[in-house]
**Student:** 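First the structure, then my questions, so here it is.
So that the names make sense, note that chain A is the first sequence line, chain B the second, and so on, each numbered from 1.
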There are 2 protein chains.
Amino acid sequence: MPTRRPDPARCLPSAEAQASRFARQREADRAATAEDYVELIADLIREEKEARAVVIARRMGVSQATVTATVARLQRDGLVETQPYRGLFLTEAGQQMAAAARARHELLVRFLIALGLDAETAEQDAEGLEHHVSDKALAVFGKFLEGR
Amino acid sequence: MPTRRPDPARCLPSAEAQASRFARQREADRAATAEDYVELIADLIREEKEARAVVIARRMGVSQATVTATVARLQRDGLVETQPYRGLFLTEAGQQMAAAARARHELLVRFLIALGLDAETAEQDAEGLEHHVSDKALAVFGKFLEGR
DNA sequence: TGCAAATCTTAGCCTACACTAAGTTTTGGA
DNA sequence: TCCAAAACTTAGTGTAGGCTAAGATTTGCA
Ligand SMILES: [Mn+2]
Ligand SMILES: [Mn+2]
Ligand SMILES: [Mn+2]
Ligand SMILES: [Mn+2]
């Protein structure tokens, strides 16, 4: 009987490796709200010329007070600038984050649809997956799309 | 010049549709910690006969105090039972959640690797993606795996 | 042009999930 | 057997991201 290597799927990773995966996850979680906001702000500016807090509240499904608080954090973090009653604006950093978020979002949606998922589910899933997919995985998805 | 339908990718979804996607996302986010804990607890029980809080702290990369607090919530939510100095146990509901989490996790890893991603990145990404992938998407991934 | 409605802010509250520091309890080995 | 180390809990703190209710400011239209 040959000594068989344990099935990797049935074998725990080292504590350190696992801990660092979870730590990276927590990182991504913390960044997710910022990404969704700047992506939405960029979309609104492109499609409707301005990004008003009311509209963001409506589209995020959240109260206006929550938007005020969240935007204050985004401003503190140098992603957004505000002029009350005049909408929100993205800083350079905010525009870069928005562009990256949009690219990830759209690639994911195209990938999921190419695999046979319906459009609405693809959009729904992409909204969450986009924050947890690595650049390496995105590259692999892109390659899949190219190869039909 | 034919009237052309707007490119869906360049067109905002309705406020209601978008809000409900984000709401679903927030749901998934809230469930993620519980899923990771019960999955880990199940793995530890299977691989090491018991799931001690210390070990969970080490593997989650988190303090023991954090584990105490989180486990209290899991217990409150009927997923886990505890006997101090004797490890953690899963309730029926906890076992079901763990099994589902494990299945999603493993399918995702196999899928990512099949697409050409390296194993470590696949594991890293799966740890986050697993909480945001719908059953429909998983079904599609499974089909892809079957078709080689 | 003036005021009602829309927009935005403030105040006060809550939960989840992190942390450190300082206990308490259990266990196992000399 | 007993005591030091390991395991666990408690207390106190902080931030993110939600909420409602109430107040302030601006806008637009009658
Ligand atoms: Mn998103
Ligand atoms: Mn998005
Ligand atoms: Mn996970
Ligand atoms: Mn997992």
Side-chain angles (χ1 to χ4, degrees), chain A residues 15 19-41 44 48-89 127-128 131, chain B residues 15 19-41 44 48-89 127-128 131:
Chain A
S20 97
R21 285 179 206 159
F22 282 124
R24 236 181 282 219
Q25 252 349 99
R26 287 190 293 268
E27 273 297 315
D29 275 339
R30 261 185 290 112
T33 301
E35 286 173 7
D36 282 337
Y37 270 70
V38 299
E39 193 185 344
L40 215 207
I41 290 168
L44 288 172
E48 310 188 342
K49 300 299 190 277
E50 59 172 8
R52 305 293 293 238
V54 227
V55 174
I56 291 171
R58 202 142 45 219
R59 299 194 88 98
M60 296 289 304
V62 123
S63 74
Q64 282 195 40
T66 293
V67 172
T68 298
T70 303
V71 165
R73 282 191 298 274
L74 299 180
Q75 202 163 11
R76 179 201 62 190
D77 296 343
L79 296 168
V80 157
E81 278 158 7
T82 67
Q83 298 172 19
Y85 299 94
R86 199 146 290 284
L88 308 180
F89 304 89
E127 201 54 75
H131 310 288
Chain B
S20 98
R21 285 179 206 160
F22 282 124
R24 238 182 281 217
Q25 253 348 102
R26 288 191 292 269
E27 272 297 314
D29 275 339
R30 261 184 289 112
T33 301
E35 286 173 6
D36 283 336
Y37 270 71
V38 297
E39 195 187 343
L40 215 208
I41 291 168
L44 288 171
E48 311 188 342
K49 298 299 189 280
E50 60 173 6
R52 305 294 293 238
V54 227
V55 174
I56 292 171
R58 203 143 45 219
R59 300 194 89 98
M60 297 288 305
V62 124
S63 73
Q64 281 196 41
T66 293
V67 171
T68 299
T70 302
V71 165
R73 281 191 297 275
L74 299 179
Q75 201 164 9
R76 179 201 62 190
D77 296 342
L79 296 167
V80 158
E81 276 158 8
T82 68
Q83 297 172 23
Y85 299 92
R86 206 144 286 286
L88 307 180
F89 304 88
E127 200 53 76
H131 310 288

**Student:** Check every nucleotide of DNA chain D for an atom under 4.0 Å from a heavy-atom of chain A, then give the first and the last such nucleotide from 5' to 3'.
**Tutor:** D/dA16 to D/dT27

**Student:** For B/Ala57, check side-chain contact (heavy atoms from CB on, under 4.5 Å) against everything at least two apart and list the hits.
**Tutor:** B/Gln64, B/Val67

**Student:** Let me confirm one number: the CD-CD distance from B/Glu50 to B/Gln83, rounded to the nearest 0.5 Å.
**Tutor:** 11.0 Å

**Student:** First locate atom CD1 of B/Ile41, then atom CG of B/Leu74, and finally report the distance between them rounded to the nearest 0.5 Å.
**Tutor:** 6.0 Å

**Student:** Taking only residues two or more places apart in sequence, or in another chain, which ones meet B/Ser63 in a side chain to side chain donor-acceptor pair (under 3.5 Å)?
**Tutor:** B/Thr66

**Student:** Tell me, please, which residues at least two apart from A/Glu81 pass salt bridge (charged side-chain N to carboxylate O under 4.0 Å, His left out).
**Tutor:** none

**Student:** So, using side chain to side chain donor-acceptor pair (under 3.5 Å) as the criterion, who are the partners of B/Ser20 when residues are at least two apart?
**Tutor:** none

**Student:** Could you give the CD1-to-C1' distance, from A/Ile56 to C/dC8, as a whole number of Å?
**Tutor:** 12 Å

**Student:** Starting at the 5' end of DNA chain C and moving along, which residue's nearest nucleotide shows up first, B/Gly61 or B/Asp77?
**Tutor:** B/Asp77

**Student:** List the atom pairs, donor and acceptor, that lie under 3.5 Å between side-chain atoms in residues 26-36 of chain B and the rest of the protein, sequence neighbours left out.
**Tutor:**
residue	atom	partner	partner atom	Å
B/Arg26	NH1	A/Met60	O	3.0
B/Arg26	NH2	A/Met60	O	3.2
B/Arg26	NH2	A/Gly61	O	3.1
B/Glu27	OE2	B/Arg30	NH2	2.9
B/Asp29	OD1	B/His132	NE2	3.0
B/Glu35	OE1	B/Arg104	NH2	3.1
B/Glu35	OE1	B/His131	ND1	2.6
B/Glu35	OE2	B/Arg104	NH2	3.4
B/Asp36	OD1	B/His131	NE2	3.0
B/Asp36	OD2	B/His131	NE2	3.4

**Student:** Going 5' to 3' along nucleotides 24-30 of chain C, which nucleotides have protein heavy atoms under 4.0 Å from the base (write B), which only from the sugar-phosphate (write S), and which from neither (write -)?
**Tutor:** -BSS---

**Student:** With sequence neighbours left out, what residues match B/Asp77 under side chain to side chain donor-acceptor pair (under 3.5 Å)?
**Tutor:** none

**Student:** Provide, to the nearest angstrom, the distance between the CZ atom belonging to A/Arg58 and the P atom belonging to C/dT7.
**Tutor:** 7 Å

**Student:** Hey, can you pull the residues of residues 25-38 of chain A with a non-hydrogen atom under 4.0 angstrom from DNA chain D?
**Tutor:** A/Arg30, A/Thr33

**Student:** Checking all strands, does B/Arg76 fall into the base, sugar-phosphate, or nothing category for heavy-atom contacts under 4.0 angstrom?
**Tutor:** sugar-phosphate

**Student:** My understanding is that only residues two or more places apart in sequence, or in another chain, count here; which of them pass side-chain contact (heavy atoms from CB on, under 4.5 Å) with B/Ala15?
**Tutor:** A/Arg58, A/Arg59

**Student:** Sequence neighbours left out, what passes side-chain contact (heavy atoms from CB on, under 4.5 Å) with A/Thr82? Give chain and number order.
**Tutor:** A/Val71, A/Gln75, A/Val80, A/Leu88

**Student:** Using a cut-off of strictly less than 4.0 Å between a heavy atom of the residue and any atom of DNA chain D, enumerate the qualifying residues of residues 62-72 of chain A by number.
**Tutor:** A/Val62, A/Ser63, A/Ala65, A/Thr66

